[in-house]
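The structure appears below as structure tokens.
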Number of protein chains: 2
Amino acid sequence: MGASYYQFCPVAKTMELLDERWTLLVVRELVGGDRHFNDLRRGLPRMSPTLLSKRLQHLVAAGIAERHKSGVEVRYRLTPAGQELAPIVAALGEWGIRWIGHLGDQDLDPKILLWDMHRRVDHDALPSGRTVIQFEFPAVAASLRNWWLVLTPTEADVCDADPGFDVAVHVTADLRSMVEVWLGDLDWSDALRSGAVTIQGPPDLRRDVPAWFKLISFAAVPRLERPARPVGLPAAPLTPEELSA
Amino acid sequence: MGASYYQFCPVAKTMELLDERWTLLVVRELVGGDRHFNDLRRGLPRMSPTLLSKRLQHLVAAGIAERHKSGVEVRYRLTPAGQELAPIVAALGEWGIRWIGHLGDQDLDPKILLWDMHRRVDHDALPSGRTVIQFEFPAVAASLRNWWLVLTPTEADVCDADPGFDVAVHVTADLRSMVEVWLGDLDWSDALRSGAVTIQGPPDLRRDVPAWFKLISFAAVPRLERPARPVGLPAAPLTPEELSA
DNA sequence: CAGTATCCCTTATGATACTG
DNA sequence: CAGTATCATAAGGGATACTG
């Protein structure tokens with residue numbers, strides 16, 4: 001429901017629907033399947049529920065998403081028109097991973113990282129039964145430091161409090177490095193070798209941890225050998241380390 | 001320079017740069033070559049010069065565009081990073097032409113139509129020498145009713161006042177129909193047959209007019225046989241004819 | 001030609017608390 | 001679980017006039 005551009009140009013008409021803040025991130029969350037309101041919230045933790053609700057209403061009104069209610073449960077899913085936005089979302093992500101030069105510390109949200117990871121668990125690679133991984137980011141504020149992934153061959157849950165099960169492996173990581181692994185900018189093997197990520201637990205399990213996750217879908221996008229110039233640096237408010245760089 | 005989403009997701013980082021109003025339309029204008037500030041304004045007539053200036057500065061700061069000054073002349077062009085946005089802009093246009101159901105009367109801007117057309121003249125198809133086409137949109141407010149395209153084998157100019165040259169052909173058109181032709185939603189031949197568009201002038205020239213223009217680049221995108229549902233209708237403020245539909 | 005300078009004002013949105 | 005209600009602030013952006 002963005003304001004009109006008063007142009008017949010199809011690009012303009014499309015952007016009227018999509019250029020409001022958060023809109024394409026909601027679409028990103030919906031790509032690939034049904035989602036509950038609160039699932040969307042977990043992927044968009046900095047978005048207020050009011051605003052998420054508003055964006056969903058706009059997407060539904062625009063014919064991009066549908067709201068399905070069965071009993072008390074509500075699910076949102078993309079319409080065929082919305083599904084055709086998937087390649088656009090993918091292209092935006094691929095562009096970003098090629099050209100965005102630097103992530104600020106503020107971009108490194110463990111909540112989102114864990115939520116992302118839980119969605120891309122390779123369940124076939126897991127041991128049978130329940131596998132619990134504890135993630136610890138020592139440098140992070142206490143409330144965001146410890147996370148547990150409870151994995152089974154069919155399910156994956158994220159907890160920010162100890163669920164009480166036996167922990168199979170304990171991953172201790174520098175948050176930035178863990179994100180870089182996740183984005184495909186750093187190999188698991190390099191991260192482990194340098195000590196930026198360490199895994200404690202039975203050797204056979206420790207060895208398998210990297211195989212339990214499919215990295216973010218953009219991880220395989222070819223990077224530029226030498227980016228002409230990293231993009232987006234001056235766009236973010238400058239942090240102290242950026243100012244000194 | 002959009003506000004941060006506080007996410008490492010490449011889609012989010014890209015949208016931080018691109019999701020502000022007008023930004024992708026400026027990129028659209030820059031796709032395909034150098035542009036002067038005032039050329040950009042003609043393609044974006046509803047954008048204030050202040051805002052255009054601001055967006056250009058953001059695009060330059062983000063490494064997406066470059067500003068080249070030679071003497072008094074300033075040209076903007078996309079960097080390699082910016083050029084890689086071209087497929088995204090194209091995909092947005094293709095999505096729009098497939099799924100946007102209806103254009104409001106307010107979207108039918110003759111200024112933009114003529115500016116678009118002048119950029120896609122097929123100069124090789126023109127007669128030698130100067131060819132002047134007058135366009136008249138009888139139903140449009142007087143100040144936007146008459147337009148002249150002054151075409152040569154190497155140049156194309158748009159005038160909103162009679163340039164004084166002999167007019168080779170005079171095109172009288174219903175504005176909406178002319179836009180539909182331009183978008184590939186209506187054939188020239190059908191428009192001429194129905195009388196929505198009429199061409200006066202020497203028969204051989206009249207016959208050739210459609211060949212002088214390459215339609216908008218999205219014109220060839222396959223449309224859906226029966227769109228499940230047109231998209232974007234409720235997004236626009238309802239016009240009287242929409243309310244009665 | 002290529003922008004700036006103002007000015008006002010709507011609107012978007014972040015934060016927080018609360019409900020069927 | 002799936003949202004609404006409320007509020008205050010900032011800022012985005014439209015319009016217009018003016019300048020090197």
Side-chain angles (χ1 to χ4, degrees), chain A residues 1-7 12 15-26 29-30 34-61 65-77 106 109 111 157-158 235 237, chain B residues 1-7 12 15-26 29-30 34-61 65-77 106 109 111 157-158 235 237:
Chain A
M1 201 120 119
S4 178
Y5 286 115
Y6 302 102
Q7 297 200 359
M15 290 316 289
E16 285 178 13
L17 296 176
L18 299 180
D19 71 359
E20 280 181 312
R21 191 165 154 75
W22 292 107
T23 301
L24 269 167
L25 300 194
V26 176
E29 291 296 306
L30 291 172
D34 300 4
R35 299 265 185 266
H36 292 250
F37 189 86
N38 284 331
D39 290 342
L40 294 169
R41 289 197 63 187
R42 297 192 73 172
L44 301 162
R46 306 280 301 224
M47 189 180 191
S48 81
T50 308
L51 192 52
L52 174 56
S53 173
K54 191 173 166 190
R55 287 291 181 277
L56 286 167
Q57 287 172 33
H58 289 175
L59 289 171
V60 169
E66 288 171 336
R67 183 177 190 275
H68 293 276
K69 187 169 186 171
S70 35
V72 293
E73 241 186 32
V74 176
R75 288 168 188 275
Y76 292 92
R77 89 172 48 135
Q106 36 176 12
D109 185 334
K111 209 173 338 194
D157 289 308
V158 187
Chain B
M1 202 121 119
S4 177
Y5 286 117
Y6 302 101
Q7 297 200 0
M15 291 315 289
E16 285 179 13
L17 297 175
L18 300 179
D19 72 358
E20 279 182 313
R21 189 164 157 75
W22 293 108
T23 301
L24 269 167
L25 300 194
V26 176
E29 292 296 308
L30 292 172
D34 300 4
R35 297 266 184 266
H36 291 252
F37 188 86
N38 285 331
D39 289 342
L40 295 169
R41 290 196 63 185
R42 295 191 75 170
L44 300 162
R46 306 281 303 223
M47 189 179 190
S48 81
T50 308
L51 192 52
L52 173 57
S53 172
K54 189 173 167 190
R55 286 291 182 277
L56 285 168
Q57 288 172 32
H58 288 175
L59 288 171
V60 169
E66 287 171 337
R67 184 178 190 274
H68 293 276
K69 188 169 188 172
S70 34
V72 295
E73 243 187 31
V74 176
R75 288 168 187 275
Y76 292 92
R77 90 173 46 135
Q106 36 175 12
D109 185 335
K111 207 170 343 191
D157 289 308
V158 187

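In what follows, chains carry the letters A, B, and so on, assigned in the order in which the sequence lines appear, proteins first and then strands, with residues in each chain numbered from 1.
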- request: Quick one, give me the B/S/- string for nucleotides 14-20 of chain C, reading 5' to 3', where B means a protein heavy atom under 4.0 Å from the base and S means that only happens at the primed atoms, P, OP1 or OP2.
  value: SBB----

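- Put simply, the side chain of B/V26 reaches to within 4.5 Å of the side chain of B/L59, judged on heavy atoms.
- Here A/E29 contributes atom CD and A/W22 contributes atom CH2; the two are 10.0 Å apart, rounded to the nearest 0.5 Å.
- A/Q57 has a side-chain polar atom (N or O) that falls below the 4.0 Å cut-off from OP1 or OP2 of D/dT4.
- In this structure, the nucleotide among D/dG12, C/dT13, D/dG3 sitting nearest to the side chain of B/K54 is D/dG12.
- Atoms CG (B/L40) and P (C/dC1) sit 12 Å apart, rounded to a whole Å.
- We find that CD of B/E16 is positioned 13 Å from P of D/dG12, with the value rounded to whole Å.
- Legend: residues meeting side-chain hydrogen bond (donor to acceptor under 3.5 Å, both in side chains) with B/R67, ordered by chain and number and at least two apart, are B/Y76.
- Rounded to whole angstrom, the span from the CZ atom of A/R35 across to the C1' atom of D/dA2 amounts to 17 Å.
- At the heavy-atom level, B/Y6 lies nowhere under 4.0 Å from the strands shown.
- Rounded to a whole Å, the CD atom of B/E73 is 11 Å from the C1' atom of C/dA2.
- Considering CG of A/L18 and CG of B/L18, their distance stands at 12.5 Å, rounded to 0.5 Å.
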Side-chain polar contacts of residues 48-55 of chain A - donor-acceptor pairs under 3.5 angstrom, sequence neighbours left out - could you list them?
from: A/S48; atom 1: OG; to: A/L51; atom 2: N; distance (Å): 3.2
from: A/S53; atom 1: OG; to: A/Q57; atom 2: NE2; distance (Å): 3.3
from: A/R55; atom 1: NE; to: A/R21; atom 2: O; distance (Å): 2.8
from: A/R55; atom 1: NE; to: A/T23; atom 2: OG1; distance (Å): 3.2
from: A/R55; atom 1: NH2; to: A/R21; atom 2: O; distance (Å): 3.0

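- In this structure, B/L44 and A/Q7 have side chains that are in contact, with non-hydrogen atoms separated by less than 4.5 Å.
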query: Going through the distances and angles, do A/M47 and A/L25 end up as a side-chain contact (heavy atoms from CB on, under 4.5 Å)?
result: CA-CA 10 Å; A/M47 189 180 191; A/L25 300 194; over 6 Å; no

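- Comparing C/dA12, D/dC1, D/dG12 by their nearest atom to the side chain of A/N38 picks out D/dC1.
- Applying the 4.0 Å criterion to OP1 and OP2 of D/dC1, one finds that A/Y76 has every side-chain N and O outside that range.
- In this structure, A/R55 atom CZ and C/dT11 atom P are separated by 14 Å, rounded to whole Å.
- A/D34 meets the side chain to side chain contact (heavy atoms under 4.5 Å, CB included) test with A/R75, A/R77; sequence neighbours excluded.
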query: Stepwise, does the side-chain contact (heavy atoms from CB on, under 4.5 Å) test hold for B/R42 with B/K111?
result: CA-CA 8 Å; B/R42 295 191 75 170; B/K111 207 170 343 191; over 6 Å; no

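- For DNA chain D, the stems formed by at least three consecutive Watson-Crick or G-U pairs, with both atom-pair distances below 3.5 Å, span C:1-20 with D:1-20.
- Atom pair A/L56:CG and D/dA2:P shows a separation of 11 Å (rounding to whole Å applied).
- As rounded to whole Å, 13 Å separates atom C1' of C/dA12 from atom CG of A/D19.
- Atoms CG (B/L52) and C1' (D/dT16) sit 16 Å apart, rounded to a whole Å.
- Using a 4.0 Å heavy-atom cutoff across all strands shown, B/R75 reaches no nucleic acid atom at all.
- Contact check, A/R42 against D/dC1: no side-chain N or O comes under 4.0 Å of OP1 or OP2.
- Note that OH of A/Y5 is 14.0 Å distant from CD of B/Q106, once rounded to the nearest 0.5 Å.
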